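The structure under discussion appears below in the form of structure tokens.
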Amino acid sequence: MARNLITVDQIVNDFVLSMAGDDYCADVTDTLVRNYALRGIREIGFDMSKVVRSLKLPINQSLSTVDLPDDFVDLVKIGIVGSDGLVYVFGENKNINMSQAYELDAGGNPIEGDDGLYERVDAYGTPNAYSNPFGYESYLFRNFWDNDSYGALYGLGGGQYSGEYRMNYDQNRIELNGSTSFSEVVVEYIADEARSANPSVHLYAEAAIRAFIYYRIIERKSSVPMAEKQRARAEYFNERRLANSRLKSFNMTEALKVIRKNFKQSPKY
């Protein structure tokens, strides 16, 4: 088993054991040290060592939505797994599901229609998801048919995708287009490692986390000289730059790969 990670408990214990009686942070509690350690994992993790998780999540067939995980921070990609084992990604379309509302009964629950799906209503309460009081929905919000050919308006996007999605952070979910014939999707996202049961960080970033803890503890203490605060701040950013260079090293093999790819000749016709 690889030993390239260190847990937040180990960092906190090592920091507490290394404190001497005359240190500026000698009177802090273990709880405060752990709190700053988690904040350091967040700050360094989002910028340098992102934790990307990949999950298969079920689709709510009635609403065509996927609930976001508890540790979700930002989306990397979403798609379905094909028969070849590859992930075929969806394209983001901010123009779908513009009025994500449903007709409710007296108890506040969505009303199920004859087709087994919930009845959608627009912002004006009309039970038609695509109704528009101005009557221009066929030109502004949909693709169109022209002489038996399927087309789209210029400037409304393109590309070949296996589906479309829209992020809805207000209701903590991903909204898919209505033509979903699959039961689950693959979601890759940046996770908040600080919310894990036992958060961990790469060994390259351990010194940066320890410097962050010390800097944040003495930052607002009036008894600490300003010179010590500036030294602690400079030490933290130096350790941060060192960790960044180690985590994002660029070796000779990667350089040769980029060069060979850029100078690859195109086929002649």
Side-chain angles (χ1 to χ4, degrees), residues 2 4-9 11-12 34-82 85-102 109-110 117-118 120 129 157 159 161-206 208-209 212-213 216 240 243-244 247-248:
N4 61 330
L5 300 177
I6 183 171
T7 64
V8 66
D9 293 336
I11 296 176
V12 171
R34 181 180 176 84
N35 179 268
Y36 282 126
L38 294 176
R39 290 174 58 183
I41 288 178
R42 279 198 179 103
E43 182 170 338
I44 293 178
F46 293 160
D47 296 334
M48 294 183 296
S49 58
K50 295 183 176 65
V51 177
V52 178
R53 288 197 173 94
S54 180
L55 297 177
K56 281 187 176 181
L57 301 178
I59 299 176
N60 188 326
Q61 297 294 338
S62 299
L63 305 179
S64 296
T65 59
V66 178
D67 294 334
L68 295 176
D70 293 336
D71 57 349
F72 178 89
V73 175
D74 197 5
L75 183 69
V76 176
K77 64 182 177 182
I78 177 175
I80 57 174
V81 179
L86 300 178
V87 177
Y88 292 86
V89 298
F90 294 171
E92 184 177 11
N93 185 355
K94 297 181 180 180
N95 295 321
I96 63 175
N97 294 337
M98 295 302 295
S99 57
Q100 193 58 236
Y102 298 88
N109 302 314
L117 301 178
Y118 294 126
R120 294 183 178 178
Y161 295 104
S162 302
E164 294 180 335
Y165 74 93
R166 172 176 180 260
M167 301 301 299
N168 189 337
Y169 294 107
D170 179 54
Q171 299 182 7
N172 194 48
R173 65 190 184 187
I174 303 174
E175 300 169 350
L176 307 177
N177 58 1
S179 59
T180 54
S181 58
F182 31 85
S183 59
E184 62 181 11
V185 293
V186 175
V187 178
E188 292 188 3
Y189 64 96
I190 299 175
D192 183 7
E193 180 62 20
R195 300 191 63 179
S196 302
N198 191 14
S200 59
V201 69
H202 200 281
L203 283 174
Y204 288 159
E206 178 186 3
I209 296 293
F212 177 85
I213 295 173
R216 290 302 184 185
R240 180 188 175 96
N244 189 33
L247 290 169
K248 298 181 180 180

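For clarity, every value in this text was computed on a predicted model and none was experimentally measured.
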Would you say that [X] contacts [Y] through its side chain, given a criterion of any heavy-atom pair below 4.5 Å between the two side chains?
X      : Y      : answer
Arg39  : Phe212 : yes
Ser54  : Val76  : no
Asn168 : Thr65  : no
Arg34  : Asp9   : yes

message = I'd like to know if the side chain of Glu193 reaches the main chain of Ser200, judged simply by a donor and an acceptor atom lying under 3.5 Å from each other, with no hydrogens or angles considered.
response = yes
Taking atom [atom1] of [X] and atom [atom2] of [Y], what is their separation to the nearest 0.5 Å?
X      : Y      : atom1 : atom2 : value
Leu38  : Glu43  : CG    : CD    : 13.0 Å
Glu188 : Lys77  : CD    : NZ    : 4.0 Å
Asp192 : Arg195 : CG    : CZ    : 6.5 Å
Met167 : Asp74  : CE    : CG    : 7.5 Å
Leu203 : Leu247 : CG    : CG    : 10.0 Å
Leu55  : Leu68  : CG    : CG    : 11.0 Å

ask   = Should the ring pair Tyr169 and Phe72 be called parallel, tilted or perpendicular, given that the plane angle runs from 0 to 90° and is split at 30 and 60?
value = tilted
query = Between Arg166 and Glu164, does at least one N-O distance fall below 4.0 Å, as a salt bridge requires?
reply = no
query = For the rings on Phe182 and Tyr88, is their centre-to-centre separation under 6.0 Å?
reply = no
key: Asp71 and Tyr189: side chain donor to acceptor below 3.5 Å   = yes
